[in-house]
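Structure first, commentary second.
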Amino acid sequence: MNSLQTVEPALDKACCAPSAQPVLSAEDAQQKALVFKALSDPNRLRLLSIVKAEASGESCVCDLTEPLDLGQPTVSHHLKILVDAGLLHREKRGTWAYYSLVPGAIEQTAGLLASL
């Protein structure tokens with residue numbers, strides 16, 4: 001049986017040194033992933049667009065079902081994901097919920113990739 005000789009590569013000590021740059025913490029990565037997951041659905045992107053375009057700066061959940069051609073439970077589910085991601089604010093008034101953009105959320109979201 002023939003045995004092959006193996007040659008160990010020369011190790012450059014500089015290539016294995018830990019980076020001095022700050023690394024994204026697990027908690028920060030989790031929060032950023034929530035935002036990216038929230039934005040990964042076309043219906044949620046449309047919801048953000050509708051709320052942002054509203055002259056009053058807020059939209060009632062009752063006004064968000066028709067433009068998406070979705071039922072109220074489905075729209076409420078999508079809105080909850082956007083609220084949990086920190087993109088929308090929810091305010092309950094009587095039996096209706098009103099949604100508005102969290103101030104600065106769009107700008108912060110735009111900077112997420114740049115901050116990696």
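Because the structure is a prediction, the values reported are computed rather than measured. Basis for what follows: all heavy atoms, side chains included, without hydrogens, waters or symmetry-related copies.
Distance CG/L64 to OH/Y98: 11.0 Å, rounded to 0.5 Å. The line from CD1 of I106 to CG of L87 is 6.5 Å long, rounded to the nearest 0.5 Å. The CG atom of L82 sits 8.5 Å away from the CG atom of L45 when rounded to the nearest 0.5 Å.
A search for salt bridge (Lys or Arg N to Asp or Glu O under 4.0 Å) contacts involving D84 returns K80, not counting sequence neighbours. Considering only residues two or more places apart in sequence or on other chains, S56 meets the side-chain contact (heavy atoms from CB on, under 4.5 Å) condition with E54, E58. Residues meeting the side-chain contact (heavy atoms from CB on, under 4.5 Å) test with S25, sequence neighbours left out: E27, D28. Qualifying salt bridge (Lys or Arg N to Asp or Glu O under 4.0 Å) partners for E107, counting only residues two or more places apart in sequence or in other chains: none. Taking the side-chain contact (heavy atoms from CB on, under 4.5 Å) definition, one finds that C62 meets it with C60, W96, sequence neighbours left out. Take H89 and apply the side-chain contact (heavy atoms from CB on, under 4.5 Å) test, not counting sequence neighbours, and it matches E91, S100, V102.
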Per-pair distances, 0.1 Å, donor-acceptor, side chain in residues 68-76, under 3.5 Å, sequence neighbours excluded:
| residue | atom | partner | partner atom | Å |
| --- | --- | --- | --- | --- |
| Q72 | NE2 | S76 | OG | 2.5 |
| S76 | OG | Q72 | O | 3.1 |

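Within the 4.5 Å cutoff, the side chain of L88 has heavy atoms near those of the L101 side chain. Residues D63 and Y99 have side chains not in contact (no heavy-atom distance under 4.5 Å, counting atoms from C-beta outward).
Legend: side-chain hydrogen bond (donor to acceptor under 3.5 Å, both in side chains) pairs involving residues 29-47, not counting sequence neighbours, sorted by first then second residue: K32-S115, R44-H78.
Residues L112 and V83 share a single hydrophobic cluster, defined by chaining ILVMFWY side chains whose heavy atoms lie under 4.5 Å apart.
Of all the heavy atoms in A85 and A38, the pair that sits closest is CB-CB, 3.7 Å.
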